[in-house]
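Here the structure is laid out as structure tokens; the discussion comes afterwards.
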Amino acid sequence: MTTFALIVSTPPTDNKTSTALKFAQTLVSQGHNITGVFFYQDGVINANHLVQTPSDELNLMSAWQGFNKESGTPLHLCITAAERRGLTDSLDNDLNPNVAENFTISGLGELVVLTSQADKVVQL
Amino acid sequence: MSHRVKSYAIINTSASFDSLKGKESLDAALILASYEMPVSLFFIGDGVYQTINAQSAETIQAKDYIATFKALGFYDIEDIYVCNDSLDARNIATTSVLADAQCCDKHLIKSKLEHCDVVLTF
Amino acid sequence: MKPLPPTIHLIRTSAFADNKLQLCIDTLGVNDELFLLDDGTYNVNHALLTNLSNPVYVLDEHLTSRAVSAAEFEVINYVDLVQATVKAGKVITWQ
Amino acid sequence: MAISFNGQEIATDKQGYLLNVSDWNEELAAILASDENLTLSEEHWQVVNFVRNFYLEYKTSPAIRALTKALKAEYGEAKASSRYLYRLFPKGPAKQATKIAGLPKPARCI
């Protein structure tokens with residue numbers, strides 16, 4: 001068994017994100033462990049629960065959530081990258097928290113932790 | 001599960017104001033360094049445009065993260081490599097905003113990358 | 001000295017559109033391997049790969065989805081890709 | 001959000017950080033400090049001015065490690081430990097010293 005850390009930097013509107021998910025699923029199905037998926041750059045948009053995906057297309061947010069539930073792999077979000085792209089966990093009255101369940105709000109420090117604990121780092 | 005200090009290489013291939021790549025790459029480098037991870041920076045392809053002196057981000061209402069390059073020493077980021085071949089191809093003289101930057105050819109970059117544990121590209 | 005395990009390079013963009021494949025080739029070690037994914041699969045027809053001596057692999061789903069055929073390269077699936085990353089020293093992504 | 005100062009309204013964000021770096025002056029710093037329940041001593045000023053000058057030159061507020069390293073180069077070991085800085089700014093030098101220095105709120109993940 002090998003331990004991986006994954007970094008996802010592409011948004012749900014990019015098919016590359018589907019590649020990242022499938023790679024993650026294959027890692028787990030092959031018996032490997034993932035310290036966490038770290039969403040950075042436009043990757044953070046995957047956690048926006050206001051994104052409306054047409055019902056006949058793959059909803060990557062739900063798919064990541066399902067992946068988290070099935071495998072227990074943590075999904076981390078860089079809060080600085082997220083805030084500037086319209087995501088918030090704020091409980092202020094004029095803001096509506098829109099980070100989807102199963103995603104954990106973190107900072108870049110988490111990137112350091114996830115990657116330093118892994119045997120292999122794959123950026124997708 | 002191994003748990004140890006890893007060495008990180010960050011490769012910049014994007015021009016200064018190409019989306020937020022340069023800025024978010026720098027943020028990642030600063031955090032890694034703040035956690036006392038050895039970090040080296042590489043500028044290749046259009047990434048070499050980030051290293052040019054006297055850019056003025058304010059002119060186009062962009063964040064001047066280029067100014068932060070001058071503070072990399074305070075973060076102990078001193079292994080900085082700028083690709084000569086990429087500079088030449090773009091007709092750029094080797095005046096760098098990065099005090100510690102070394103201009104080197106792609107063969108040296110290749111051998112430096114070989115010895116890093118984790119390589120991230122932006 | 002023990003030789004370093006190969007680095008594998010994931011190429012995710014078309015070299016007809018940008019220079020990521022070129023940048024990758026510029027820093028390629030002799031034992032390194034290339035994996036063409038996503039729009040990177042279009043590179044099977046790019047001149048940059050014609051004389052490259054490093055092993056090149058292409059992901060089957062990404063070829064099929066794009067109706068690209070790759071007679072000259074080894075076609076692999078996700079499980080093969082995972083096994084390659086397990087064996088590799090490290091993975092560098094060009095996107 | 002704003003702070004009333006000399007008959008002017010100085011714009012701030014929700015957490016009370018100035019929106020314009022150039023609105024800052026030393027009297028305003030004292031008001032910002034009192035909002036943080038701090039009275040500025042000579043030692044506080046040293047750090048506040050240092051952080052402000054760092055930002056003006058490098059366009060980023062220094063993370064704690066960079067701050068201690070840079071302070072050490074300028075003022076020596078005793079004035080550069082993170083314990084010393086936390087004694088001056090109990091809620092964290094990155095958070096409080098930057099606010100009093102009139103700088104934007106540092107990125108949450110830094």
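Please read these numbers as outputs of a predicted model, since none were measured by experiment.
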Query raised in the report: Is it the backbone or the side chain of L32(B) that comes under 4.5 Å from a heavy atom of chain A, or both, or neither?
Result: both
Query - Contact origin within S19(B) toward chain A - heavy atom pairs under 4.5 Å - result: neither
Query raised in the report: If only atom types and distance count, is the side chain of D14(A) paired as donor or acceptor with the main-chain N or O of T17(A) below 3.5 Å?
Result: no
Requested in this report: Counting only heavy atoms closer than 4.5 Å, note whether Q123(A) contacts chain B via side chain, backbone, both or neither.
Outcome: side chain
Query raised in the report: So which part of V121(A) gets closer than 4.5 Å to some heavy atom of chain B, the side chain, the backbone, both or neither?
Result: side chain
**Report entry** Electrostatic pair R90(B):D46(B) at N-O distance under 4.0 angstrom
**Finding:** yes
Query - Ion pair check, E36(B) and K6(B), cut-off under 4.0 Å - result: no
Query raised in the report: Does F69(B) have its ring centroid less than 6.0 Å away from the ring centroid of F43(B)?
Result: yes
Query - Close aromatic pair by centroid cut-off 6.0 Å: F103(A) and W64(A) - result: no
Query raised in the report: What residue in D42(A), T115(A), I7(A) has the most heavy-atom pairs under 4.5 Å with chain B?
Result: T115(A)
